[in-house]
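Let me begin by presenting the structure, written as structure tokens, before commenting on it.
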Amino acid sequence: MAVSGTVVIAVDRCKGCELCVHACPQHVLRLDEGYNARGYHPVVLDESEKHCTGCSICAIVCPDVVFTVYRQAPQKRARAA
Amino acid sequence: MTIDTIPTQITPATPDLSGMQLVYQAPEALADTQTHYCPGCTHGIIHRLIAEVIDELGVRERTIGVAPVGCAVFAYEYFNFDGTEAAHGRAPAMATGIKRVAPDKIVFTYQGDGDIASIGGNEILAACVRGEKITVIFVNNAVYGMTGGQMAPTTPPGMVTTSSPLGRDVELQGYPIHLTEMLAMMPGVAYAARRSMHSVAEIKRAKKSIRKAFEAQLQGLGLGIVEILSACPINWRLDPSNALDFIRHTMLPVYPLGEFKVHEALQKR
């Protein structure tokens, strides 16, 4: 199985600029139809087709530090232990 | 719009984090506040890179930032270290004073192109001539952002701004100023580089350059300056991703990226 990860999105920090949506190599980010507290359409993780790999590219391009990125711990080490 | 068609405010989802390792989180040196920057403005990325570098160097407790006049005028509000505000263009002079009174502090200025290249041109030249041990982050977005997108000294030839509606005419308004190349010639400058915010790879290079500029100060080598080509989607009348293409196609031919001066002590790494 491919590397899997996920992002935690600070919804109210997002300004809906879409830089992460265009940068995401897996195309798992899109803007939500709802609004956040500041009146922007915030970004959401949509894993209906592909899955997040935890590559952190969204966090690198985000001007508003919206993302906290997690990645699955290596499985091999867990088996060896 | 009737009441029942108003979309409800969304609530953040809480993903399952069992077995997950933390890969990236906001740096400690960055304050947990919302910035006033427009959506898609790359000032936020540059703030984050500075905060990450300061965390990596472990100097957060003794860092002092000097904010400019311009879009980044509230920059001191967005960091978890001390900061102050200088008169327009005078951030290098204020940083000089702080650094000379308290040489153990890490002092940097954060300036836009209108601040550093126009009204503050003399201040940065004089600071470089004196070889002050400070770090200068120069954010170049080719327009005066805060005042409504007027032509700046850094505006590329032919670019339309609110004060050059037919495009910058070099016969009438002259050529854009290449400040970083100019400063790199001075012996007091230990590190001079130009980076950009238009791609992931360039953002990573920009972080390395910011780190070297701070290391130049930590080692007492001289002034470190990093010019960063930044997007201004609002005043360029572009959406944020097209603004990055504007950097690629319009600004890069005028402003070549790279390191113009690297002190010997920084090259060994």
Side-chain angles (χ1 to χ4, degrees), chain A residues 1 3-25 28 30-47 51-75 77-78, chain B residues 6-49 51-52 78 197-207 230-231 233-234 238-245:
Chain A
M1 193 183 145
V3 188
S4 84
T6 191
V7 290
V8 176
I9 296 168
V11 172
D12 286 338
R13 288 192 71 107
C14 183
K15 293 173 183 164
C17 70
E18 286 194 305
L19 288 180
C20 57
V21 176
H22 292 286
C24 179
V28 291
R30 62 172 173 83
L31 292 194
D32 199 277
E33 287 162 5
Y35 294 90
N36 65 9
R38 305 172 82 193
Y40 294 111
H41 294 294
V43 67
V44 286
L45 183 65
D46 179 359
E47 293 192 302
H51 289 280
C52 175
T53 62
C55 69
S56 309
I57 283 178
C58 52
I60 290 168
V61 299
C62 179
D64 294 290
V65 206
V66 167
F67 299 98
T68 306
V69 186
Y70 294 87
R71 190 173 250 191
Q72 196 79 47
Q75 295 294 311
R77 275 186 202 167
Chain B
I6 295 175
T8 51
Q9 192 178 314
I10 68 157
T11 49
T14 48
D16 177 24
L17 297 177
S18 58
M20 292 281 190
Q21 283 181 334
L22 182 66
V23 182
Y24 181 85
Q25 65 177 348
E28 198 187 357
L30 201 66
D32 187 21
T33 51
Q34 291 167 338
T35 63
H36 72 280
Y37 300 116
C38 309
C41 172
T42 48
H43 264 305
I45 304 178
I46 302 166
H47 280 30
R48 197 190 68 231
L49 297 182
E52 285 175 1
Y78 304 142
M197 287 287 113
H198 71 269
S199 70
V200 174
E202 274 304 322
I203 292 172
K204 288 181 174 173
R205 284 191 199 110
K207 184 179 171 185
S230 176
I234 298 294
L238 295 168
D239 68 48
S241 63
N242 285 335
L244 299 185
D245 285 336

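No hydrogens, no waters, no symmetry mates; every other heavy atom, side chains included, goes into these values. Chain naming here is simple, since letters A, B, ... match the order of the sequence lines and numbering starts at 1 in each.
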Contact class of [X] relative to chain A, heavy atoms under 4.5 angstrom:
X: B/Leu244; answer: side chain
X: B/Tyr78; answer: neither
X: B/Ser199; answer: neither
X: B/Lys204; answer: side chain
X: B/Asp32; answer: both
X: B/Leu22; answer: both
X: B/Leu30; answer: side chain

Pairs under 3.5 angstrom only: tabulate donor-acceptor contacts from the side chains of residues 56-68 of chain A to other protein residues two or more places apart or in another chain.
from	atom 1	to	atom 2	distance (Å)
A/Asp64	OD1	A/Lys15	NZ	3.0
A/Asp64	OD1	B/Thr35	OG1	3.3

For side chain to side chain contact (heavy atoms under 4.5 Å, CB included), just list the numbers for A/Gln72 and B/Met20, CA-CA rounded to whole Å, side-chain angles, deciding distance to a tenth of an Å, and then say yes or no. CA-CA 4 Å; A/Gln72 196 79 47; B/Met20 292 281 190; 3.8 Å; yes
Among B/Val200, B/Ile45, B/Thr33, which has the most heavy-atom pairs under 4.5 Å with chain A?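 Looking at each option in turn, the highest pair count goes to B/Ile45.
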Only pairs of heavy atoms separated by less than 4.5 Å count here; which of B/Ile203, B/Leu17, B/Leu49 has the most with chain A?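 So the answer, after comparing B/Ile203, B/Leu17, B/Leu49, is B/Leu17.
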Supply the atom-to-atom distance B/Gln21 CD to A/Arg71 CZ, rounded to the nearest 0.5 angstrom.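 These two atoms lie 9.5 Å from each other.
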Measuring from A/His22:NE2 to B/Asp245:CG, what's the distance to the nearest 0.5 Å?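 It comes to 9.5 Å.
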Are B/Gln34 and A/Asp12 side-chain neighbours, meaning at least one heavy-atom pair lies under 4.5 Å?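 Counting from C-beta outward, B/Gln34 and A/Asp12 do come under 4.5 Å.
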Looking only at heavy atoms, which two atoms of B/Gly40 and A/Cys17 are closest? And how far apart?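 Nearest pair, atom of B/Gly40 first, then A/Cys17: N-CB, 3.2 Å.
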